There are 4 protein chains.
Amino acid sequence: MTDASLSRAERQKQQLRAEIIQAAFAEFSARGYHQTGIADIAKRLGIGHGTFYRYFENKRDILEHVINEVSRQIMETLAAENAPGAAGSLAEYREQCRRIGNRFVAVMAENPDMIRMVLFEATSVDAEMTNRIMLLQEFGARITAEYLAHGVKQGFLRADLDAEATSHAVIGLLLGGALRFLYKPDDVEGRERLVEATLRLLIDGVRKDG
Amino acid sequence: MTDASLSRAERQKQQLRAEIIQAAFAEFSARGYHQTGIADIAKRLGIGHGTFYRYFENKRDILEHVINEVSRQIMETLAAENAPGAAGSLAEYREQCRRIGNRFVAVMAENPDMIRMVLFEATSVDAEMTNRIMLLQEFGARITAEYLAHGVKQGFLRADLDAEATSHAVIGLLLGGALRFLYKPDDVEGRERLVEATLRLLIDGVRKDG
Amino acid sequence: MTDASLSRAERQKQQLRAEIIQAAFAEFSARGYHQTGIADIAKRLGIGHGTFYRYFENKRDILEHVINEVSRQIMETLAAENAPGAAGSLAEYREQCRRIGNRFVAVMAENPDMIRMVLFEATSVDAEMTNRIMLLQEFGARITAEYLAHGVKQGFLRADLDAEATSHAVIGLLLGGALRFLYKPDDVEGRERLVEATLRLLIDGVRKDG
Amino acid sequence: MTDASLSRAERQKQQLRAEIIQAAFAEFSARGYHQTGIADIAKRLGIGHGTFYRYFENKRDILEHVINEVSRQIMETLAAENAPGAAGSLAEYREQCRRIGNRFVAVMAENPDMIRMVLFEATSVDAEMTNRIMLLQEFGARITAEYLAHGVKQGFLRADLDAEATSHAVIGLLLGGALRFLYKPDDVEGRERLVEATLRLLIDGVRKDG
DNA sequence: TATGAATGAGTCTTCATTCAT
DNA sequence: GATGAATGAAGACTCATTCAT
């Protein structure tokens, strides 16, 4: 994202831009989008709040960028490292799911506010923003569907599995898990049990000869 | 809720009170809590906005009542008719799940804004309100856990099932399904496929000898 | 004020009217005119606040009647019993002043809110009402001037006394004393010392051969 | 109060702050505290009413500052120039009283609304503010008591003078005089007669061998 | 006649956004 | 480019007053 060919001033600008997004994320998460003023974001960075408007159009604009950033991280989490076609057997598939699950858990544990941001704050602004969140879900579902379809083709998931419909159910599983982070952020044991239960439910629910 | 022993005036008051809650629900769902003014609610009913304050303390208060009403409906939907201990076999259990699922779908289909209200709007107001929503989830999970524990005891769900942890996963399934109603309110076919896929995932994921 | 020839209903009406004035006085004194609502007055009497408007035009109107009542009491206190021409010597004059002073103190001690009402509340409403309070002062000054003029004529007050101007100064003495009741309602000893000091200042300040 | 070391912007800010206090004083005096809106104050200065809130917390806050300013001026008037211990004889004492009296008259004549502000408006807001006004009186009384006590010690005021109690009576004299300014702002002759009569009453009322 | 439900004018206050310095 | 002073639209809430029952 940062380019070595940029001038020093240009890089500083990019840097501040990123910091504003970070600060906005922090404030929006902590107090909520509607309860946060532009001045709060600026104050957190120690800059004048007029400066904010040199980097972003308006309050809605910064939310957009915050959500973009969070979306990017979530999508990376779900998509990275594990190609849908990597698993060749149910055991490998189970391992792949566990890896993704653990990665998802790790990211959420590190920053539980990400889920609050996309599910609670972004969805209270306007239809367009809510729609973006829905598309994010859709994206997750599509990735998931590919995994499932691959498993069916490979023969270790049951042949009559409705990959597309099931993928939405799987996204629900992820959502349910994520919400537990918000309600009980410190319940590490409960979280691990939830991961296990979810994986078991998922694998047993989709595998062949289940 | 309405009492035949109440005077005519008293009944009219109860009636208007209920209508204000209805109107507030409609406005909050349509434009969002933060984008809705008390005047909007009053205008929808054709009453003066001062009248609103004869029935509710303030904006936060009406939200509370709206959420109470929605919560009540959701809890009724999940809890009514089907006792956790009613199923005696996997087949009966499957039927029970399908009945609950269909009922849930029917309620959501009739009023998809209920989920928007609890998941999107209520969660953007303050910590206390968000917590209430979390408790609603918790309630759903507890009911679900009873169903699961019963199945384990009866022997048609696998003995090593972690009923409590799994119940949270099941709530996620419900949530995921509900969100589809918001994104694609008119996709009846997709909805039916999702119900089927979710039931299949759930049953196969928990049943014995899975 | 109440007339035996009035019908029973009429007398009840007069009675309630008087009670409303009493209640308004109590509320205005306790919370202040601007902080008191018509509903507060009605609630104190246990009547509907619509009823209020059957007895008084509006909020301003009830204040007018409260002030009239208080004015009447104050004027009675100052004027009653002691005719300006009653004193024939300095000693008698001193006794007369002491009697009036004690009477004034007794009335204020019984109801210190009277002074608050006329000096603090009534004067914060509008020019017309403030003017009425000023006229009340004027009335007090005129009575006082008569006492003083009489003393000059009788020869026990100094011949060059400016009765009219001095009368305003004397009203100031009364005011100053009255304010002490509000600030230190329970300082009985201080009050008695103030009465003594005021009388001494007054008598020595106006007597002949001073 | 203004500091030469302040930046230009800082000085302008101080300036506007002072102007807002001035404007608030003018509006509160003219229409009354309760009848004055923040918008009225802003309009008088030709500034947006949002600007007001950059300088003062709320309506109550500006009143506090107005009263502080008026209090300061009144206390300066009463306390400045004339040390309580300056007079060495009754003649000097009389001159001192006349100087203070004239100064007081001059200040009141220039701005008769000061007395309206402290006595009428401030006392109609809440108990705390009323108490501040009482303390202002108390302050005046204490200064006065020092003058009186000094006179007693010097021997030109009578030995049995109750300086403290009498001081409250003297404050009453000042109050009574001040109220005349409000009722008859243009009666210069009456005012001079009142000053004379008050001084005479005061001096004769406290001097030795009276 | 008494009531209190309904009303909306009026006011405070916040905060996103602009722009002169 | 950065700043923060200024702005006013917007919105929550109160309460005196009216009037149907």
Side-chain angles (χ1 to χ4, degrees), chain A residues 9-10 12-13 16 34-43 45-62, chain B residues 7-10 12-13 15-17 34-43 45-62, chain C residues 9 12-13 16 33-43 45-62, chain D residues 7-10 12-13 15-17 34-43 45-62:
Chain A
E10 197 61 29
Q12 277 194 338
K13 208 170 157 177
L16 181 49
H34 295 282
Q35 289 75 37
T36 298
I38 298 298
D40 296 317
I41 299 171
K43 205 175 296 167
L45 290 173
I47 64 173
H49 63 277
T51 307
F52 171 91
Y53 286 91
R54 301 194 63 79
Y55 290 82
F56 298 94
E57 285 289 313
N58 49 41
K59 193 179 175 184
R60 171 63 207 264
D61 185 35
I62 182 69
Chain B
S7 72
R8 186 162 145 64
E10 198 63 29
Q12 275 195 340
K13 221 171 146 177
Q15 163 80 5
L16 181 48
R17 203 181 149 79
H34 295 283
Q35 289 75 38
T36 299
I38 298 300
D40 296 317
I41 298 171
K43 207 173 295 167
L45 289 173
I47 64 175
H49 64 276
T51 305
F52 171 91
Y53 287 95
R54 290 189 59 76
Y55 291 83
F56 297 94
E57 285 288 311
N58 48 41
K59 194 180 172 183
R60 171 62 206 263
D61 187 35
I62 183 68
Chain C
Q12 276 193 340
K13 208 169 158 178
L16 181 49
Y33 174 77
H34 295 283
Q35 289 75 41
T36 298
I38 298 299
D40 296 316
I41 299 171
K43 204 175 298 167
L45 290 173
I47 64 175
H49 63 278
T51 306
F52 171 91
Y53 285 91
R54 302 194 61 79
Y55 291 83
F56 297 94
E57 286 290 312
N58 49 39
K59 193 180 174 184
R60 170 62 206 264
D61 186 36
I62 182 69
Chain D
S7 72
R8 187 163 146 61
E10 197 62 30
Q12 276 194 340
K13 222 171 145 176
Q15 163 80 5
L16 181 49
R17 204 181 149 79
H34 295 282
Q35 289 74 38
T36 299
I38 299 299
D40 296 316
I41 298 171
K43 207 173 295 166
L45 290 173
I47 65 175
H49 64 276
T51 305
F52 172 91
Y53 286 94
R54 290 189 59 76
Y55 291 84
F56 298 95
E57 286 288 312
N58 49 40
K59 194 180 172 183
R60 172 62 206 263
D61 186 35
I62 183 70

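Residue numbers start from 1 in every chain, and the chains themselves are labelled A, B, ... in the order their sequence lines are given, proteins ahead of strands. Everything numeric here is computed off the predicted structure, so don't read it as measured data.
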Restricting to non-hydrogen atoms, name the atom on [X] and the atom on [Y] that form the minimum distance, rounded to 0.1 Å.
| X | Y | answer |
| --- | --- | --- |
| Asp61(C) | Asn58(C) | N-OD1, 2.8 Å |
| His49(C) | Ala39(C) | CB-CA, 4.1 Å |
| Tyr55(D) | Arg17(D) | O-NH1, 2.9 Å |

Figure out the [atom1]/[atom2] separation between [X] and [N], and round it to whole Å.
| X | N | atom1 | atom2 | result |
| --- | --- | --- | --- | --- |
| Lys59(D) | dT14(F) | NZ | P | 16 Å |
| Asn58(D) | dA12(F) | CG | P | 20 Å |
| Asp40(C) | dT14(F) | CG | P | 13 Å |
| His34(C) | dA16(F) | NE2 | P | 11 Å |
| Tyr53(B) | dC13(F) | OH | P | 4 Å |
| Tyr55(A) | dT3(F) | OH | C1' | 12 Å |
| Leu45(D) | dT7(F) | CG | P | 10 Å |

**Request:** Scan Gly37(A) against the nucleic acid and name what it touches under 4.0 Å (heavy atoms): base, sugar-phosphate only, or nothing.
**Result:** sugar-phosphate
**Request:** Report which part of the nucleic acid Phe56(C) touches: base, sugar-phosphate, or nothing (heavy-atom distance under 4.0 Å, all strands).
**Result:** nothing
**Prompt:** Closer to the 5' end of DNA chain F via nearest nucleotide, is it Gly46(D) or Arg60(B)?
**Reply:** Gly46(D)
**First encountered from the 5' end of DNA chain F, between Phe52(C) and Lys13(D)** = Lys13(D)
**Item:** Positional range of nucleotides in DNA chain E within the contact set of chain D, heavy-atom, under 4.0 Å
**Value:** dC12(E) to dT14(E)
**Fill in**
Considering only heavy side-chain atoms of Arg54(A), the closest of dT3(F), dG8(F), dC13(F) is dT3(F)
**Request:** Could you tell me whether the side chain of Leu45(A) reaches within less than 4.5 Å of the side chain of Thr51(A), counting heavy atoms only?
**Result:** no
**Prompt:** Are any of the side-chain heavy atoms of Tyr53(D) and Ile38(D) separated by less than 4.5 Å?
**Reply:** yes
**Request:** Hunt down any stem DNA chain E takes part in, defined as 3 or more consecutive Watson-Crick or G-U pairs whose two distances are each under 3.5 Å.
**Result:** E:2-21 with F:2-21
**Prompt:** Nearest nucleotide by nearest heavy atom, which residue falls closer to the 5' end of DNA chain E, Gly48(C) or Gly50(D)?
**Reply:** Gly48(C)
**Any donor-acceptor pair under 3.5 Å from Lys59(C) side chain to Tyr33(C) backbone** = yes
**Request:** Assess whether one donor atom and one acceptor atom, taken from the side chain of His49(A) and the base of dA2(F), lie less than 3.5 Å apart.
**Result:** no
